[in-house]
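I have placed the structure first, in the form of structure tokens, so that the comments after it can refer back to it.
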Amino acid sequence: MTYHEIKLIPKNIDINSLADALTAIGFDAFELSDGGLPEPGGWDYIDEDLVTKSDEAPFIRIYLENSPSFPEQYVKLKRAVFEWADSDEAVIFEESRRDDSEWKDVWKTYFKPFKAGTHIVICPKWEEYSAAPDDIVVTIDPGAAFGSGLHETTKMCIAALEKHVSPGATVLDVGCGSGILGISATKLGAKRVWALDYDPASVSAAKENAGYNHVDMTVLQSDLLASAPRVKADVIVANIVADIIIELNKTVKDYLTENGIYIVSGIIAERLNDVVESLENHEFEVLNIDKMGEWRAITVSPKNI
């Protein structure tokens with residue numbers, strides 16, 4: 001199968017910070033070359049055989065499927081990177097096509113079952129896992145979608161869901177990617193879950209992953225909440241990026257119960273104050289701010305006025 005190879009060459013930007021930003025945006029599998037092996041820790045999964053010493057300038061390669069949604073995905077990637085870098089000249093993008101026969105399944109070797117929360121265990125579809133009595137296993141194949149659960153932003157969301165999802169709850173997962181958060185909410189006891197994403201590849205992957213987990217989760221293509229059902233959710237979770245969260249804050253309260261919980265993640269530390277200010281301007285009370293590495297997740301509830 002033919003894929004698009006996207007090469008990102010940073011200019012005066014630390015390549016490891018760029019890699020962290022990419023995983024938060026949702027691009028979990030990529031090739032990195034910085035002239036040597038990366039420092040341990042902070043990575044989702046990486047094939048060290050692909051990280052080679054080189055005199056070439058540092059770069060990252062991402063592979064996207066050659067599908068009708070590619071132009072939209074490519075624009076989304078560039079927009080998110082330029083937003084993170086606060087410049088459209090900080091990263092050079094080069095795009096070409098290649099066949100996937102040599103590399104498409106290499107990353108799966110390094111994606112193993114792991115505990116993403118106190119009880120939630122993420123298990124790749126192709127792996128076996130012997131669950132402990134208190135484990136809640138979520139089976140995932142990210143496919144062409146975003147989200148393996150390995151990144152800090154997702155782990156913080158899962159921890160917050162474990163804390164706030166009660167049996168019988170109604171949950172909205174906005175920007176669902178592979179559907180991992182909505183599926184987790186369902187397995188934590190939520191009765192009604194809607195997973196929303198603008199990207200058709202994410203919608204398809206989320207539906208497939210819901211099937212692997214035998215959960216009743218409705219997956220819809222939606223620009224944020226544009227196609228969301230007119231329900232009042234007990235919990236809304238959005239693991240996206242700061243500017244999109246700020247946009248979502250304008251309307252999200254219309255979909256939240258009076259004492260509901262709103263969880264947002266994918267926020268780089270430098271943008272935390274911007275997001276908190278937006279939440280407070282829209283009459284949310286900050287209940288908790290979680291930190292993992294350079295990433296932040298915020299849990300809020302509507303202010304009682």
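Since this is a predicted model, take the numbers as computed values, not measurements.
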Inter-residue atom distance Ile62.CD1 - Leu32.CG, 0.5 Å rounding: 10.5 Å
Atom NZ of Lys253: over 12 foreign heavy atoms under 6.0 Å: yes
Student check: side-chain heavy atoms of Ile289 and Val286 closer than 4.5 Å: yes
N/O donor-acceptor pair under 3.5 Å between Glu162 side chain and Gly117 backbone: no
Non-hydrogen side-chain atoms of Phe93 and Leu77 separated by less than 4.5 Å: yes
Short side-chain to backbone donor-acceptor contact, Asp88 and Phe82, under 3.5 Å: no
Side chain to side chain, Ile6 and Glu94, heavy atoms closer than 4.5 Å: no
Residue pair Cys123 / Ile140, side-chain heavy-atom distance below 4.5 Å: no
Parallel, tilted or perpendicular: ring planes of Tyr262 versus Phe284, cut at 30 and 60 degrees: tilted
Minimum heavy-atom distance Ala169-Asp234, with the two atoms named: CA-OD2, 3.4 Å
Note: Lys303-Glu283 ion pair, threshold 4.0 Å (strictly below): no
Check against side chain to side chain contact (heavy atoms under 4.5 Å, CB included), Asp173 and Trp194: CA-CA 6 Å; Asp173 176 8; Trp194 282 269; over 6 Å; no
pair Lys115-Ile120: side-chain heavy atoms closer than 4.5 Å: no
Value rounded to 0.5 Å, distance of CG in Asp243 from CH2 in Trp84: 14.5 Å
Separation of Ile240 CD1 from Cys176 SG (nearest 0.5 Å): 11.0 Å
Contact summary for Pro229 and Leu220, nearest pair of heavy atoms: CD-CD1, 4.3 Å
Lys/Arg-Asp/Glu bridge criterion (N-O < 4.0 Å) met for Glu83, Arg271: yes
Shortest non-hydrogen contact between Leu225 and Val252, atoms and distance: CD1-CA, 3.9 Å
Lys78 charged N/C atom sitting above Tyr74 aromatic ring, 6.0 Å / 45°: yes
Any side-chain heavy-atom pair of Asp199 and Gln73 under 4.5 Å: yes
Atom pair CZ/CG of Arg97 and Leu64 - distance to nearest 0.5 Å: 12.0 Å
ILVMFWY cluster, Ile236 and Tyr198 together (side-chain gap under 4.5 Å): no
Heavy-atom pair with the smallest gap, counting every atom of Ala160 and Thr299: CB-OG1, 4.1 Å
Nearest non-hydrogen partners of Pro10 and Phe59, listed with the distance: CD-CA, 4.3 Å
Backbone of Ser278 reached by a side-chain donor or acceptor of Asn249 within 3.5 Å: no
Co-membership, hydrophobic cluster, residues Leu181 and Tyr212, 4.5 Å side-chain: no
Residue pair His4 / Glu95, side-chain donor-acceptor N/O under 3.5 Å: yes
Close side-chain approach of Leu256 and Leu172, heavy atoms under 4.5 Å: no
Verdict with supporting geometry, Ile298 and Ile263, side chain to side chain contact (heavy atoms under 4.5 Å, CB included): CA-CA 6 Å; Ile298 310 170; Ile263 302 161; over 6 Å; no
Distance, nearest 0.5 Å, that separates CZ of Arg296 from OG of Ser265: 10.5 Å
Neighbour count >12 (heavy atoms, 6.0 Å) for atom CG, Asp223: yes
Whether Ser184 side chain and Ile180 backbone form a donor-acceptor pair below 3.5 Å: yes
Carboxylate-amine/guanidinium proximity below 4.0 Å for Asp216 and Lys191: no
Side-chain donor/acceptor of His119 to backbone N/O of Asp134, under 3.5 Å: yes
Side chain to side chain contact (heavy atoms under 4.5 Å, CB included) evaluation trace for Ile261 with Leu287: CA-CA 9 Å; Ile261 296 295; Leu287 304 179; 3.7 Å; yes
Set of residues satisfying side chain to side chain donor-acceptor pair (under 3.5 Å) with respect to Glu270, sequence neighbours excluded: none
Leu224 vs Glu247 side-chain heavy atoms within contact, under 4.5 Å: yes
Exercise: do Asn209 and Ser178 side chains pair donor with acceptor under 3.5 Å: no
Asp254 atom CG, neighbour heavy-atom count above 12 within 6.0 Å: yes
Thr153 side chain vs Gly266 backbone, donor-acceptor pair below 3.5 Å: no
Step-by-step side chain to side chain contact (heavy atoms under 4.5 Å, CB included) determination, Thr170 to Lys232: CA-CA 8 Å; Thr170 296; Lys232 291 287 187 177; over 6 Å; no
Closest non-hydrogen atom pair, Ile9 against Pro58: CG2-O, 3.8 Å
Side-chain donor or acceptor of Asp20 paired with backbone N/O of Ser17 under 3.5 Å: no
Rounded distance [0.5 Å steps], OG in Ser96 versus CD in Glu5: 4.0 Å
